[in-house]
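Data block below; observations after.
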Amino acid sequence: VVVLKHGRALALEGAVANPDPTSPLSLVYTDVQFAPDDETKGWLIGGQLLGFVGSVPQYRGLIFETRDGGATWTRQGVREAEDFGALFPRMNRLDVLSANSVWAVGNGGAVITYQPGQ
C-alpha cells in the first residue's frame with residue numbers, strides 16, 4: 001500500500017495480511033492525516049475484510065500511527081486484548097485536530113478518540 005503525503009510516497013507493506021489480494025475491497029485504507037502542529041505525527045485508518053454475513057462484508061478496524069512523518073507506521077491496539085484489540089468496526093474518517101487530539105469514526109457509529117493525558 002502506498003500513501004501520499006504532500007506528493008511523497010509512504011510505504012505500508014506487509015503490516016496487515018491481505019485476505020484476498022485479488023479483491024480491492026479486502027484490505028481498505030480510507031483516510032490518512034497528519035497533525036497540523038507536528039507533521040511528524042500522523043494516523044492511517046481502514047479495515048481488513050473478515051468475511052461476509054449474507055452478502056454484507058464484515059471488517060475489522062485498523063489504526064496505524066507514525067511519529068517520523070510516515071517513514072514507518074505502527075499498528076495501534078491493546079496488547080492484552082483478544083486479537084490485539086482489533087475487534088472494532090472498519091474506520092472510515094479521521095479528524096486530526098493536533099498531535100494530541102485525534103478522532104476516528106467508523107462503521108456502525110463507532111467513534112474512537114486519542115487524547116493522552118485527559
Side-chain angles (χ1 to χ4, degrees):
V1 173
V2 175
V3 178
L4 293 179
K5 176 193 172 210
H6 305 297
R8 192 172 53 147
L10 308 172
L12 183 63
E13 296 293 334
V16 176
N18 188 340
D20 181 1
T22 65
S23 171
L25 299 178
S26 66
L27 185 59
V28 180
Y29 294 103
T30 53
D31 203 356
V32 61
Q33 288 188 24
F34 289 79
D37 58 336
D38 183 353
E39 288 199 8
T40 65
K41 291 186 179 181
W43 291 264
L44 173 75
I45 58 170
Q48 178 188 38
L49 185 66
L50 296 175
F52 292 86
V53 174
S55 61
V56 178
Q58 303 297 305
Y59 287 90
R60 106 178 59 225
L62 298 172
I63 301 174
F64 289 87
E65 181 181 23
T66 184
R67 294 179 181 205
D68 60 9
T72 58
W73 293 89
T74 303
R75 184 171 175 197
Q76 301 300 290
V78 180
R79 290 181 192 192
E80 296 81 24
E82 182 182 347
D83 201 15
F84 198 54
L87 299 178
F88 55 88
R90 175 178 148 177
M91 297 282 96
N92 298 314
R93 176 80 172 99
L94 276 170
D95 195 1
V96 178
L97 304 173
S98 72
N100 294 312
S101 183
V102 179
W103 292 75
V105 178
N107 289 357
V111 177
I112 297 174
T113 64
Y114 170 76
Q115 296 174 323
Q118 294 185 2

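Please read all numbers here as calculations on a predicted model, not as lab measurements.
The backbone N or O of T72 sits less than 3.5 Å from a side-chain atom of T66, completing a donor-acceptor pair. Between the Q76 side chain and the T74 main chain, a donor and an acceptor come within less than 3.5 Å of each other. Although no hydrogens or angles enter the test, the distance criterion places a donor-acceptor pair under 3.5 Å between the side chain of D31 and the main chain of L94. Counting only distance, with no hydrogens or angles, the side chain of T30 and the backbone of M91 share a donor-acceptor pair below 3.5 Å. At least one donor-acceptor pair closer than 3.5 Å links the side chain of Q48 to the backbone N or O of A17.
One hydrophobic cluster holds both W73 and V16 under the rule that ILVMFWY side chains link at heavy-atom gaps under 4.5 Å. I45 and V28 fall into different hydrophobic clusters, where Ile, Leu, Val, Met, Phe, Trp and Tyr residues are linked whenever their side-chain heavy atoms come under 4.5 Å apart, directly or through other members. Residue F52 is grouped with residue L25 when hydrophobic side chains (ILVMFWY) are merged at heavy-atom distances under 4.5 angstrom, including chains of intermediate members.
Residue W43 comes nearest to V96 through the heavy atom pair CZ3-CG1, 3.7 Å, listed as atom of the first residue, atom of the second, then distance. Between R75 and G61, the closest heavy-atom pair is NH2-O, 4.3 Å. Between P36 and L97, the shortest heavy-atom distance links the atoms CG-O, 3.4 Å. Minimum heavy-atom separation, T22 to P24: O-CD, 3.8 Å.
Contact of the Y114 side chain with the I63 side chain is not registered, since no non-hydrogen atoms from C-beta on lie closer than 4.5 Å. At a threshold of 4.5 Å between non-hydrogen side-chain atoms, the residues L27 and L62 count as touching.
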Could you please spell out the steps behind the side chain to side chain donor-acceptor pair (under 3.5 Å) verdict for N18 and S26? CA-CA 6 Å; N18 188 340; S26 66; 2.4 Å; yes
Verify side chain to side chain contact (heavy atoms under 4.5 Å, CB included) between V32 and F64, making sure each step is shown before the conclusion. CA-CA 9 Å; V32 61; F64 289 87; over 6 Å; no
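In R93, the CZ atom is crowded: over 12 heavy atoms of neighbouring residues, nucleotides or ligands sit closer than 6.0 Å.
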